[in-house]
Amino acid sequence: MTYQTLVTSLENNIFIITINRPEKLNALNKTVIEEISAAIDEVYNNDEIKSAIITGAGEKAFVAGADISEFLTLEKNSGEALAKKGQQAVFDKIENSPKPIVAAVNGFALGGGCELALACHFIIASDNAKFGQPEVNLGLIPGYGGTQRLTQLVGRNRAMQFIMTGEMINAKDAEQYGIANKVVSQNKLLDETKEILQTIHTKAPLAIAKVIEVINNFDHTQQGYDFEIKKFGECFATEDVKEGANAFLEKRKPNFKGR
Ligand code: COA
């Protein structure tokens with residue numbers, strides 16, 4: 001599929017989605033949201049795609065937020081509808097993807113851009129990355145899941161300060177907070193991210209999908225443990241678990257089929 005605001009490519013089963021509005025720091029307008037949604041559908045539906053990377057075009061920004069120029073005409077109901085549609089079409093769909101989707105954050109990740117990175121399964125950042133939720137500067141709050149995902153990731157008090165001050169943090173601080181898993185130089189960002197995904201590609205795809213599902217349903221009560229137990233049991237209904245165990249016992253590499 002071809003897109004107006006995205007560039008996509010498939011390399012070694014990794015689908016690379018590059019948001020391509022560098023002149024507007026890759027801000028998320030209506031078209032970008034619709035197109036990311038369609039690109040994520042490709043991740044779900046194309047068997048050749050085993051994982052995806054979301055990144056931004058240019059050296060300055062991953063995504064500098066929702067497109068502020070679209071805010072002027074919004075009122076209460078349309079504002080709520082914008083957030084709801086975006087969350088369902090893009091952010092929740094990324095989070096719940098059965099295939100890993102990783103954010104390669106190559107510059108500003110602000111507002112909806114920070115939330116887009118947070119919706120991904122993990123984040124690798126370049127050394128010039130900057131993260132922030134500056135919505136309060138505009139009289140707004142995060143609307144694409146920021147208050148929820150960030151709080152889960154960094155804890156209540158850090159999330160409070162981060163969102164109430166609207167201040168940006170650099171890549172090192174983001175790594176220390178646990179927002180970014182790793183910080184690398186910008187010229188190595190995509191290669192390092194691809195390398196991690198290539199490692200994941202050698203594992204059983206159905207097990208990977210269950211890891212995502214169970215971690216997304218993290219719940220530190222008996223319910224969370226019960227869900228893990230159920231999904232662990234389900235692994236034994238796959239052909240891959242037999243292949244994995246046999247390969248170990250026969251001292252060879254497994255050949256997983258995703259069945
Ligand atoms: N929505 C719409 N346009 C945006 C944008 C956004 N979120 N972020 C940047 N742009 C546009 C700018 O308006 C500018 O367009 P122009 O050249 O037509 O005037 C262009 O992208 C470049 O941005 P500019 O502000 O000139 O770059 P800078 O290096 O001086 O500043 C930022 C970079 C990221 C600090 C600044 O652009 C900014 O604060 N952006 C908004 C961030 C934000 O509040 N996001 C949350 C939205 S809810």
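One-based numbering, in listed order, for ligands and for the atoms of each. Remember, predicted model here, so these are calculated numbers, not experimental data.
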(Q) For ligand 1 and A64, I'd like to know whether there is a polar contact (N/O to N/O, distance under 3.5 Å). (A) yes

Q. Is it true that the side chains of N20 and T18 contain a donor and an acceptor less than 3.5 Å apart?
A. no

Q. Does E23 come within less than 4.0 angstrom of ligand 1, counting non-hydrogen atoms of the residue?
A. yes

Q) Non-hydrogen atoms of N137 versus ligand 1: any pair closer than 4.0 Å? A) no

Q. Do you see a protein non-hydrogen atom under 4.0 Å from atom 25 (O) of ligand 1?
A. no

Q) Are any of the N/O atoms in G112 less than 3.5 Å from those in ligand 1? A) no

Q.
Quick check on atom 30 (O) of ligand 1 - does any protein heavy atom sit closer than 4.0 Å to it?
A. no

Q) What distance do I19 atom CD1 and T55 atom OG1 have between them, rounded to the nearest 0.5 Å? A) 8.0 Å

Q. Are any of the protein's heavy atoms under 4.0 angstrom from atom 19 (O) of ligand 1, yes or no?
A. no

Q. Got a protein heavy atom sitting under 4.0 Å from atom 43 (C) of ligand 1?
A. yes

Q | Atom CZ of F248: over 12 foreign heavy atoms under 6.0 Å | A | no

Q) Applying a 4.0 Å heavy-atom criterion (strictly less than), which segment of K60 is in contact with ligand 1: side chain, backbone, both, or neither? A) side chain

**Q.** ligand 1 contacted by L140 (non-hydrogen, < 4.0 Å)
**A.** no

